[in-house]
There are 2 protein chains.
Amino acid sequence: MTEKLSASLEDYIEAIASLAGSSGETRAADIADAMGVSRPSVTVALRGLASRKLVFYKPYSTVSLTENGRNLAAAVSRKHRILSRFFNEILGADEQLADEAACRVEHAIGEEITDRLVEFLAFIDNCPMAVEGGFEFNSTKRQNFRNEGAKNGKN
Amino acid sequence: MTEKLSASLEDYIEAIASLAGSSGETRAADIADAMGVSRPSVTVALRGLASRKLVFYKPYSTVSLTENGRNLAAAVSRKHRILSRFFNEILGADEQLADEAACRVEHAIGEEITDRLVEFLAFIDNCPMAVEGGFEFNSTKRQNFRNEGAKNGKN
DNA sequence: TGGTAATATTAGCCTTATCTAACTTTTGTC
DNA sequence: GACAAAAGTTAGATAAGGCTAATATTACCA
């Protein structure tokens, strides 16, 4: 159905959703600034997104997402959040590294893997055993097993 | 230091390492067949890899990896194995899906995330609590991730 | 040793994604 | 309401990565 979008266009969609806020609208210059690309690149991307019916786009005007665009943006953002949490909270990567990795990986995993990762995170959050075993995934604490493991000096 | 390689060239390096076997050599046609790509595409890729000193390449001859090439191939393959294990054994994705996702994600994570994932898998393998916690991620087979995880050897 | 099959490369084209420079449209201010 | 600044687009490049068709090289074998 939804012809898989390139990583680049997914990034544009994600940025537009993030910038659109409550008004639902944003402009090319803001997208360019937010993404660190040139304005002509944004024009090209918007045409690509418009041709796929993911944004409402008229030259020299503001941009907003279609319903499909919003859905797609939500899906990508969800992957991003989940991955970032996994890298940071479970693996213990610092927030910046976790976020950078999430930015790239979000384009590489599908819904099934994402759903399973969600289940996994939920499990960890509710698993007292994991805490006793050395995990500290308490929603407040955000530590990870590495800290515990290091003490036990496993080479 | 090691100027980050494109996902495409990493795939070529990985395929070459896999095909080279004990002789250490392989040919463009085999690479093309293995990767499902045309032979001219292989020629172009080999030039790119040769210019980065990752393969020994002379027109109309066999190809082999340099030491840097082998190291890079090993690093990529390691990511692939670890990710595939994680997706399959911990998240419960079937082997094919796990492998496909690993193929894409392997180009998107760095060494630090990979190292942390290795530690995490090791932790899970040695965590009896997790078993008792009844962690079940494979909705169809209802496999316990511990049982799956235990039977596999090294990362 | 010559000829053909297999292998590899070149040539030329396409797509995606990016850029800068130049031009056009819109907006905001006096 | 005119005009300059801001915003957006067009034009023209570059680079990576892929393809097919045509050409070149190598290898095998009778």
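Because the structure is a prediction, the values reported are computed rather than measured. Order of the sequence lines fixes the chain letters, A, B, ..., with proteins taken first and strands second; residue numbering starts at 1 for each chain.
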### Message
Does a side-chain N or O of Arg47(B) approach OP1 or OP2 of dA16(D) to a distance below 4.0 Å, or not?
### Response
no

## Note on the structure
note: Glu3(B), atom CD; dA16(D), atom P; distance rounded to Å ~ 11 Å

### Query
Do Arg78(A) and Glu106(A) sit within salt-bridge range, that is, some charged N less than 4.0 Å from a carboxylate O?
no

#### Entry: Distance, rounded to the nearest Å, where Ile31(B) contributes CD1 and dA8(C) contributes C1'
12 Å

### Task
Starting at atom CG of Asp33(A), determine the distance to atom P of dA6(D), rounded to an integer number of angstrom.
13 Å

### Query
Should the heavy atoms of other residues, nucleotides or ligands under 6.0 Å from NZ of Lys58(A) be counted, would the total exceed 12?
no

### Query
CZ of Phe87(A) to CD1 of Ile113(B): how many Å apart, nearest 0.5 Å?
5.0 Å

Could you run down the sub-3.5 Å N/O contacts of the protein with nucleotides 17-25 of chain C?
| residue | atom | partner | partner atom | Å |
| --- | --- | --- | --- | --- |
| dA17(C) | OP1 | Ser6(A) | OG | 2.3 |
| dT18(C) | OP2 | Ser8(A) | OG | 3.2 |
| dT18(C) | OP2 | Tyr12(A) | OH | 3.1 |
| dC19(C) | OP1 | Ser38(A) | N | 3.4 |
| dC19(C) | OP2 | Ser38(A) | N | 2.8 |
| dC19(C) | OP2 | Ser38(A) | OG | 2.8 |
| dC19(C) | OP2 | Ser41(A) | OG | 2.4 |

### Query
Are Arg104(B) and Glu100(B) ion-paired here, with the side-chain N under 4.0 Å from a carboxylate O?
no

### Query
Nearest-Å distance, NZ (Lys58(A)) to C1' (dT9(D))?
15 Å

### Task
May I have the distance from Tyr57(A) (atom OH) to dA7(D) (atom P), rounded to whole angstrom?
16 Å

### Task
Determine the interplanar angle of the Phe86(B) and Phe86(A) rings, folded into 0 to 90°, and report it as parallel if under 30°, tilted if 30 to 60°, perpendicular if over 60°.
parallel

### Message
Tell me the interatomic distance from His107(B), atom NE2, to dG17(D), atom P, rounded to whole angstroms.
### Response
11 Å

### Query
Can you tell me how far the CD atom of Glu14(B) sits from the CG atom of Leu19(B), to the nearest 0.5 Å?
11.0 Å

### Task
Would you indicate which nucleotide in dT9(C), dT10(D), dT7(C) comes nearest to any side-chain atom of Arg27(B)?
dT7(C)

